[in-house]
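First up is the structure itself, then whatever we jot down about it.
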Amino acid sequence: MINMVQNAKEQAAALAMAAYQAAVADGTLPQAEVKTAPVEIPKDTAHGDYASSFAMAGAKAMHKAPRAIAQAIVDHMELEGSFFQKVEIAGPGFLNFTLGPKWFGQVLS
C-alpha cells in the first residue's frame with residue numbers, strides 16, 4: 001500500500017530544495033550549507049495541507065531574512081506535474097503547500 005501522505009510530505013521537501021538550488025543557480029540566493037527543513041501537516045487547514053520552515057531554517061546560513069528566502073523559493077518553484085496546485089508564503093517565511101487534483105486522483109485510484 002502506498003502512503004500518499006508521506007509521499008506528499010517528501011515531495012514538498014524535494015520541491016523546496018529544488019527551488020532553492022534553482023535560486024542559487026541564477027544568483028538570487030547564496031550557496032549555503034542548508035538542510036531540508038521538516039514538512040508538517042499544519043493544525044489549522046487554513047495554512048494549507050503541508051507547511052515547511054525551510055526558509056527560516058536556512059536564514060542564518062544564507063544571511064538573509066526568512067521571508068526574502070521564502071519569496072525566492074516560491075519564485076523558483078516548479079509545481080507542474082507535482083501533487084501541489086499552489087505554494088504560498090505565510091508569517092515570517094513558512095511555505096504553505098496546497099494539494100492539487102493529481103494527489104487526490106492518486107488517492108482515489
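Sequence positions, counted from 1, serve as the residue numbers for this chain.
At least one side-chain heavy atom of F97 sits under 4.5 Å from a side-chain heavy atom of S52. Contact of the L29 side chain with the H76 side chain is not registered, since no non-hydrogen atoms from C-beta on lie closer than 4.5 Å.
Residues that satisfy the side chain to side chain contact (heavy atoms under 4.5 Å, CB included) test with D49, not counting sequence neighbours, are T98, L99. Residues meeting the side-chain hydrogen bond (donor to acceptor under 3.5 Å, both in side chains) test with H47, sequence neighbours left out: none. Residues passing the side-chain hydrogen bond (donor to acceptor under 3.5 Å, both in side chains) test with N7: none are found, sequence neighbours excluded.
For the pair A61 and A32, the tightest heavy-atom approach, listed with the atom from each and the gap, is O-CB, 3.6 Å. The minimum heavy-atom distance between A16 and I73, with the atom names listed, is O-CG2, 4.1 Å. Heavy atoms only, all atoms of each residue included: S82 and L79 are closest at OG-O, 2.6 Å. Closest approach of M56 to P66, counting heavy atoms only: CG-CB, 3.6 Å. Shortest non-hydrogen contact noted between G48 and P42 is O-CG, 3.5 Å. Annotation for M17 and V34: closest pair CE-O, 4.1 Å, computed over non-hydrogen atoms.
Residue I69 holds its CD1 atom at 12.0 Å from OG1 of T28, rounded to the nearest 0.5 Å. Taking OH from Y20 and CE from M62, the interatomic distance works out to 5.0 Å, rounded to the nearest 0.5 Å. The distance from the CG atom of L95 to the CE atom of M77 is 5.5 Å, given to the nearest 0.5 Å. One distance of note links CD of Q85 with CD of E80; it measures 14.0 Å at 0.5 Å rounding. Taking CD from E10 and CG from L15, the interatomic distance works out to 12.0 Å, rounded to the nearest 0.5 Å.
Other residues, nucleotides and ligands contribute over 12 non-hydrogen atoms within 6.0 Å of the CD atom of Q6.
Within the 3.5 Å criterion, the main-chain N or O of V5 finds a donor-acceptor partner in the side chain of Y50. Judged by distance alone, with hydrogens and angles left aside, the side-chain atoms of Q11 form a donor-acceptor pair with the main-chain N or O of F83 at under 3.5 Å. W103 places no side-chain N or O within donor-acceptor distance of the main-chain N or O of F84, the cut-off being under 3.5 Å.
V87 and F94 fall into different hydrophobic clusters, defined by Ile, Leu, Val, Met, Phe, Trp and Tyr side-chain heavy atoms under 4.5 Å apart, directly or through other members.
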Pair R67, Q71 - check side chain to side chain contact (heavy atoms under 4.5 Å, CB included), show working. CA-CA 6 Å; R67 191 145 178 107; Q71 186 63 59; 5.8 Å; no
